[in-house]
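Encoded as structure tokens, here's the structure I'll be asking about.
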Amino acid sequence: MRQIETRNGSVYLNDQLLYQKLVLNQGYYPDSGLTGSIADYQSDLIKLKEMGFNGNRIHQHIESNRMLYLCDKLGALAWAEFPSSFNFSPTMMNHILDELPDFIFKHINHPSVITYVLMNESWGVNEIAHNNEEQAFTNSLYYLTKGFDSSRLVIANDGWEQVKTDLCTIHDYNGDPSSLTASYQDLTKVFAGSPSLTSGRQTFCNSYSRQDVPFLISEYGGIAYEEDIQQQSWGYGKRIESKSAVIDKIKQLTEAVMSIPNCAGFCYTQLTDVEQEVNGLLDHNHHYKFDPEAIRKIMTSSHHNGFEFN
């Protein structure tokens, strides 16, 4: 029903060049935690599209088939992410190896799912940069996933310290647009170094930086805003106190990311506020915090190729 592939540093969907404009989606709902209703899912996806995104990165939870069906039906791309572990151990490895095939089979009939994320930010493999066992295990998950389902892209460890992967993905919450763009001008240095000024982590583990794969900024932004500021709430960077100033900051950072040469897309953090995190484009009740048309103008200001929404 669809083909997703990479070549020459780009991603192609059904042979069309695809620039991904994703939003991070943790999938929490006010009265039911990680269990949404069909109406909840449909409302989120409609809002996502109205704001100019072409997909969502389903983050740290295994999503309902109802949500995935609506992604298929409404035309929203999805990254499916396996929940992370805490510590590396034989027990942890056995649990993942036991559950990963079911995770794959759950998603296999949903064409909207174009990418599997197996680990995030080295959670559960905290010493992967220098630990051969953790690198070997993470690589094994990549190849095991490909063995079960070769029709999707696979990211073994999203954000930094990557090993075998189909996409080079970096998390960067730098709030300065000019230095954010400047960090990613030379892809050779990006792959071999530590370009994110907010993490300081190397992009790839040693000996893995020569992979010929597309590059994306898979987390950025995270700008906090709430009308009634609470002491325990937070977001990335300095707190901004007006809606117009937040919109302007999102515009500056997104334009900076979209101006990065040889970048195949991005994922903005995040769709909704979650507990103390108030960096959503929607609030805790999944209502708009900002004018969706203002967000849409930002997200659709460039890269009008491939998969686009009307």
Indicate yes or no: does Glu63 engage Lys106 in a salt bridge with an N to O separation below 4.0 Å.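 Answer for the salt bridge query: no.
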CD/Gln3: more than 12 non-hydrogen atoms of other groups inside 6.0 Å: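 It does: Gln3 CD has more than 12 such atoms within range.
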Does one side chain, of Asn120 or Ser84, offer a donor that lies under 3.5 Å from an acceptor on the other?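 Not at all, the side chains of Asn120 and Ser84 share no donor-acceptor pair under 3.5 Å.
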Using 30° and 60° as the class limits, which term best fits the ring planes of His59 and Trp123: parallel, tilted or perpendicular?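 The arrangement is tilted - the two ring planes meet at 30° to 60°.
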Over 60° means perpendicular and under 30° means parallel, so classify the ring planes of Phe266 and Phe53, tilted if in between.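 Ring orientation, 0 to 90° scale: perpendicular.
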Kindly state whether the ring of Tyr220 and the ring of Tyr173 have centres lying under 6.0 angstrom apart.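 Here the rings of Tyr173 and Tyr220 have centres that are no less than 6.0 Å from each other.
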Is Ile108 reachable from Ile155 through a run of I, L, V, M, F, W or Y residues, each pair having side-chain heavy atoms under 4.5 Å apart?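 No, Ile155 and Ile108 fall in different hydrophobic clusters.
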Step through the shown structure and confirm whether more than 12 heavy atoms of other residues, nucleotides or ligands are within 6.0 Å of CD on Glu293.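 Yes, because the 6.0 Å sphere around CD of Glu293 holds more than 12 heavy atoms from other groups.
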Evaluate Ser233 against Tyr225 for side chain to side chain contact (heavy atoms under 4.5 Å, CB included), listing each step before the verdict. CA-CA 9 Å; Ser233 65; Tyr225 176 78; over 6 Å; no
Can you see which heavy atom on Arg2 is nearest to which on Pro111, and at what distance?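 Looking at all heavy atoms of both residues, the shortest contact is NE-O, 2.9 Å.
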Members besides Val274 in its Ile/Leu/Val/Met/Phe/Trp/Tyr cluster (side-chain heavy atoms under 4.5 Å):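 Tyr28, Leu34, listed by chain and number.
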Assess whether side-chain hydrogen bond (donor to acceptor under 3.5 Å, both in side chains) is satisfied between Ser122 and Asn157, documenting all intermediate values. CA-CA 6 Å; Ser122 303; Asn157 184 29; 3.1 Å; yes
Is the shortest heavy-atom distance from the side chain of Met119 to the side chain of Phe82 under 4.5 Å?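 Not touching, per the 4.5 Å side-chain cut-off.
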If you measure from OG1 on Thr188 to CZ on Arg210, what distance do you get to the nearest 0.5 Å?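 Interatomic distance, Thr188 OG1 to Arg210 CZ, rounded to 0.5 Å: 9.0 Å.
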Interatomic distance, Tyr288 atom OH to Asp283 atom CG [nearest 0.5 angstrom]: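 It is 12.0 Å, given to the nearest 0.5 Å.
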State plainly whether one hydrophobic cluster holds both Leu24 and Val246, where clusters connect Ile, Leu, Val, Met, Phe, Trp and Tyr through side-chain heavy atoms under 4.5 angstrom apart.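 No, no single cluster joins them.
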Taking it one step at a time, do Asn109 and Asn65 satisfy side chain to side chain contact (heavy atoms under 4.5 Å, CB included)? CA-CA 10 Å; Asn109 288 322; Asn65 285 103; over 6 Å; no
In terms of side-chain heavy atoms, does Tyr142 have a donor or acceptor partner in Asp166 at a distance below 3.5 Å?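 A donor-acceptor contact under 3.5 Å links the two side chains.
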Stepwise side chain to side chain contact (heavy atoms under 4.5 Å, CB included) check, Arg296 with Asp291: CA-CA 9 Å; Arg296 182 182 181 85; Asp291 176 9; over 6 Å; no
So if you build clusters from Ile, Leu, Val, Met, Phe, Trp, Tyr with side-chain heavy-atom gaps below 4.5 Å, do Leu282 and Ile240 land together?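 Yes; Ile240 is reachable from Leu282 via cluster members.
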Check the orientation of His286 and Tyr29. Use parallel for under 30°, tilted for 30 to 60°, and perpendicular for over 60°.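 Rings of His286 and Tyr29: parallel, as their planes differ by under 30°.
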What are the two closest non-hydrogen atoms of Lys249 and Ile223, and how far apart are they?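 Looks like CG-CD1, 3.5 Å.
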Return the OG1 to CD1 distance between Thr115 and Ile4, rounded to the nearest 0.5 Å.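 CD1 of Ile4 is found 6.5 Å from OG1 of Thr115.
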Stepwise, does the side chain to side chain contact (heavy atoms under 4.5 Å, CB included) test hold for Val163 with Glu134? CA-CA 10 Å; Val163 285; Glu134 293 183 6; over 6 Å; no
Please answer: with hydrophobic residues joined when any side-chain heavy atoms are less than 4.5 Å apart, are Ile62 and Ile58 in the same cluster?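 Yes; Ile58 is reachable from Ile62 via cluster members.
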Using a distance-only test with no angle check, is there a side-chain donor-acceptor pair under 3.5 angstrom linking Gln26 and Glu277?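 Yes, side-chain donor-acceptor contact under 3.5 Å.
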Side chains of Lys47 and Ser43: do they bring a donor and an acceptor to under 3.5 Å?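 Yes - a donor-acceptor pair under 3.5 Å links their side chains.
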The test is salt bridge (charged side-chain N to carboxylate O under 4.0 Å, His left out); show your working for Lys243 and Glu227 and say whether it passes. CA-CA 9 Å; Lys243 287 186 178 183; Glu227 292 186 355; 3.5 Å; yes
Minimum heavy-atom distance Asp158-Ser218, with the two atoms named: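 Looking at all heavy atoms of both residues, the closest pair is OD2-OG, 3.0 Å.
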Interatomic distance, Ile298 atom CD1 to Lys21 atom NZ [nearest 0.5 angstrom]: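 Between Ile298 CD1 and Lys21 NZ, I get 11.5 Å after rounding to 0.5 Å.
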Apply side-chain hydrogen bond (donor to acceptor under 3.5 Å, both in side chains) to Glu81 and Gln60, showing your working. CA-CA 6 Å; Glu81 186 169 321; Gln60 285 302 296; 2.6 Å; yes
Hey, which of Ile114, Val11, Asp15, Asn14 is the one that makes side chain to side chain contact (heavy atoms under 4.5 Å, CB included) with Glu5?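 Exactly one candidate clears the test, Asp15.
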Decide, yes or no, whether a salt bridge links Glu219 with Arg57 under the criterion of side-chain N to carboxylate O below 4.0 Å.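 Looking at Arg57 together with Glu219, the answer is yes, because their closest N to O distance falls below 4.0 Å.
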Interatomic distance, Met258 atom CE to Met299 atom CE [nearest 0.5 angstrom]: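 So the CE of Met258 and the CE of Met299 are separated by 7.0 Å.
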What is the distance from atom CG of Leu180 to atom CG of Asp172, rounded to the nearest 0.5 Å?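 It is 5.0 Å, given to the nearest 0.5 Å.
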Steps toward side-chain hydrogen bond (donor to acceptor under 3.5 Å, both in side chains) verdict (Gln252, Asp248): CA-CA 6 Å; Gln252 292 176 37; Asp248 186 56; 2.6 Å; yes
Using distance alone, with no hydrogens and no angle criterion, decide if Asn206 and His130 have a side-chain donor and acceptor under 3.5 Å apart.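 Distance-only check fails for Asn206 and His130.
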Of the non-hydrogen atoms in Ala76 and Ser112, which two are nearest, and what is the gap between them?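 Heavy-atom minimum between the residues: O-CB, 3.3 Å.
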Phe204 reachable from Leu118 in the ILVMFWY side-chain graph, under 4.5 Å edges: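 Yes, one cluster joins them.
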Does the side chain of Ser179 pick up a donor-acceptor pair with the side chain of Asn174 at under 3.5 Å?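 Side-chain D/A pair, Ser179 to Asn174: present.
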